[in-house]
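Take a look at the structure below.
In what follows, every chain begins at residue 1, and chains take the letters A, B, ... in the order their sequences are listed. Fair warning: this is a prediction, and the values are worked out from it, not measured in the lab.
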Protein chains: 2
Amino acid sequence: MDTTQRTDQQRSADRRRRELLEAADRVVLRDGPQASMNAIAAEAGITKPILYRHFGDKGGLYAALAKRHTDALLDSLRAALDAPADRRERVEATLDTYLSAIEARPQVYRFLMHPAEGSQSDQGFDVGKHSAPLLRRMGEELAQVIEERLDLGPDSQQLARVWGHGIVGMMHAAGDWWLGERPCSRAALVRSLADLLWGRLAAAGDRVGGPGF
Amino acid sequence: MDTTQRTDQQRSADRRRRELLEAADRVVLRDGPQASMNAIAAEAGITKPILYRHFGDKGGLYAALAKRHTDALLDSLRAALDAPADRRERVEATLDTYLSAIEARPQVYRFLMHPAEGSQSDQGFDVGKHSAPLLRRMGEELAQVIEERLDLGPDSQQLARVWGHGIVGMMHAAGDWWLGERPCSRAALVRSLADLLWGRLAAAGDRVGGPGF
DNA sequence: AGACTCGTGTTACCGCAAGTAACATGCACG
DNA sequence: CGTGCATGTTACTTGCGGTAACACGAGTCT
């Protein structure tokens, strides 16, 4: 029949698409984010136009590639966020999950966040349109959790969104810096960030001699 | 003499360099970050090779361009951070200064942070190598201020650095999101972020029915 | 069986931007 | 005057993203 036929073709196309994505993944992880479409096609054992038929343009390939990793990461984060534990523990678990992820696969992480810092020229994937989505999605996700779980009085929704994006940004920037310099253990970083979120900034005493920061 | 001659030439070269940078600035602000070297050269009334003689490559031009804006922004932030007021006021003033800057010149901001989200292809400046520096510099700067002013007990230096980068990241991500969606006034955003830093996350009560976030 | 469609694959090309070589010109200095 | 030397040019190469145009193979319709 028509439908079964269509389904078969669909299946085959989807399988192919997945294979191509895996090839692309390998290349990106090996050559860095400035992997060329030619290189990806070669790795997949085919040539450029096929990639374009499947993904439209480079942005499409990137988006498909990023979505896989992004979804996986978001699932882990959701799990940590939903664990049965008290608030501080959840926050620490979530931070730790994120940091573990970027620590375990820094190449993936760098690809998702800083696509175009490859070796030679700047022929890479672009960020702007795509790295934002990851951060934004995490921010919105967190905002939703915050708003669901916390009693923040009036304007709780807006407050939650600000906090969601703010906390995600904090996590991201601190993680990025930490991944580059490795100034301390992961646990220490998690603790320091949680302390910050827990108001230690406000509670800290002034240093001798000044009005304090 | 030799020295005076050299000085004259140096001066002339520097002036030229500044002119070129201003032209580049205009083009980048007009055409977005994917401005081509040709376009910049044309705006400056000259041709490509001269740009390359002055800045080496596109990254060099970018770096020079970014340094101007980055330095200016950092100066403003330092001023806000050093103002004679209590801690909370300073934090709010600093946040507000940053947000005012990105609000006043979003194009500059987007250029510094998300260079490659132009219209057509991805021929833009690259981020990774350069956007990091701005965030990193802000983070280190803030870390230094924190460490100077606050009594954080043992490990104060590391804690200060974590916080510096974390707070800067929070500011950056929230600002980025805010700039795109404009969900509230600048003052409200500043207040929300300061509240977050002031431990309201830890202090908030649980919503009915759950163990709380 | 033979024509038709359709998905998959190819080669060969266009356009465009980064970056470079080689050549021209104006100006100070011996 | 000729010799550097900075400044400027045109014309080129290379490498990328992206796109025709064509070729083959497998099922489908009559």
Side-chain angles (χ1 to χ4, degrees), chain A residues 1-20 23-24 27-28 31-63 65 115-116 118-126 129-130, chain B residues 1-20 23-24 27-28 31-63 115-116 118-126 129:
Chain A
M1 284 301 288
D2 181 60
T3 50
T4 67
Q5 186 55 29
R6 258 252 156 66
T7 305
D8 278 7
Q9 288 178 187
Q10 196 89 357
R11 256 176 229 244
S12 141
D14 281 10
R15 253 191 46 204
R16 200 86 187 90
R17 187 189 167 90
R18 226 163 297 159
E19 289 172 17
L20 298 185
V27 176
V28 162
D31 292 4
Q34 27 73 26
S36 78
M37 292 299 263
N38 259 324
I40 294 174
E43 168 73 27
I46 51 159
T47 48
K48 268 194 303 177
I50 304 186
L51 284 181
Y52 284 96
R53 280 223 261 273
H54 273 276
F55 301 104
D57 64 351
K58 195 166 189 172
L61 204 179
Y62 174 92
L65 212 50
S119 46
Q120 39 210 33
S121 98
D122 58 273
Q123 290 305 83
F125 290 105
D126 53 348
K129 286 203 290 273
H130 304 297
Chain B
M1 281 305 288
D2 182 59
T3 50
T4 66
Q5 186 55 27
R6 259 252 155 65
T7 304
D8 277 8
Q9 288 179 187
Q10 196 88 356
R11 255 176 230 243
S12 142
D14 281 11
R15 251 190 49 203
R16 199 87 186 91
R17 187 187 167 91
R18 226 163 297 160
E19 290 171 17
L20 297 185
V27 176
V28 162
D31 293 2
Q34 25 72 20
S36 78
M37 292 298 265
N38 258 323
I40 295 174
E43 169 72 29
I46 52 158
T47 49
K48 269 196 300 178
I50 303 186
L51 284 181
Y52 283 96
R53 280 225 261 272
H54 273 276
F55 301 104
D57 63 352
K58 195 167 186 168
L61 203 178
Y62 174 91
S119 48
Q120 41 210 33
S121 97
D122 57 274
Q123 293 303 85
F125 289 105
D126 54 346
K129 287 203 290 274

Check your understanding: Ile46(B) has an atom CD1; how far is it from atom P of dT10(D), in whole Å?
Key -> 12 Å
Check your understanding: Where do Ile40(B) and Asp31(B) land on the side-chain contact (heavy atoms from CB on, under 4.5 Å) test, with the steps shown first?
Key -> CA-CA 10 Å; Ile40(B) 295 174; Asp31(B) 293 2; over 6 Å; no
Practice item. Ignoring the backbone of Lys48(A), work out which of dT9(D), dG19(C), dG18(D) is nearest its side chain. Key: dG18(D)
Check your understanding: Can you check the Arg15(B) CZ to dA6(D) P distance for me, whole Å?
Key -> 18 Å
Revision key, fill the gap. From CG of Asp14(A) across to C1' of dG7(C) the rounded distance in Å is 14 Å
Point to revise | Nearest-Å distance for atom pair CG/C1', residues Asn38(A) and dA12(C) | key: 13 Å
Practice item. Determine, stepwise, if the pair Leu61(A) / Leu20(A) fulfils side-chain contact (heavy atoms from CB on, under 4.5 Å). Key: CA-CA 9 Å; Leu61(A) 204 179; Leu20(A) 298 185; over 6 Å; no
Review point. For Arg16(B), what residues pass the salt bridge (charged side-chain N to carboxylate O under 4.0 Å, His left out) criterion, not counting sequence neighbours?
Key: Glu19(B)
Exercise for review: Ignoring backbone atoms, test whether Arg16(A) places a side-chain nitrogen or oxygen under 4.0 Å from the OP1 or OP2 oxygen of dG9(C).
Suggested key: yes
Point to revise | Side-chain N or O of Thr47(B) closer than 4.0 Å to phosphate OP1/OP2 of dT9(D) | key: yes
Point to revise | Rounded interatomic separation in angstrom, taking CD from Gln34(B) and C1' from dA18(C) | key: 15 Å
**Study point:** Distance, rounded to the nearest Å, where Leu61(B) contributes CG and dG19(C) contributes C1'
**Key:** 13 Å
Check your understanding: If you pin His54(A) and Gly56(B) to their nearest nucleotides in DNA chain C, which one's is more 5'?
Key -> His54(A)
**Study point:** Gap between atom CD1 of Ile46(A) and atom CZ of Arg53(A) - 0.5 Å precision
**Key:** 10.0 Å
**Study point:** Separation of atom NZ in Lys58(B) from atom C1' in dA18(C), rounded to whole Å
**Key:** 8 Å
Check your understanding: Across the strands shown, which category fits Ile50(B) at heavy-atom distances under 4.0 angstrom: base, sugar-phosphate, nothing?
Key -> base
Revision key, fill the gap. Quick note, Met37(B) side chain, CB onward, closest among dA18(C), dT19(D), dA21(C) is dA18(C)
Revision key, fill the gap. Rounded to whole Å, CG of Asp31(B) lies from P of dA17(C) at a distance of 11 Å
Review point. Closest to the Asp57(A) side chain: dT10(D), dG19(C), dG18(D)?
Key: dG18(D)
Review point. Would you say Arg53(A) reaches dT19(D)'s phosphate, i.e. side-chain N/O to OP1/OP2 under 4.0 Å?
Key: no
Exercise for review: First locate atom NE2 of His54(B), then atom CZ of Arg18(B), and finally report the distance between them rounded to the nearest 0.5 Å.
Suggested key: 12.0 Å
Practice item. Could you tell me whether the phosphate oxygens of dA17(C), OP1 or OP2, come under 4.0 Å of any side-chain nitrogen or oxygen in Ser36(B)? Key: no
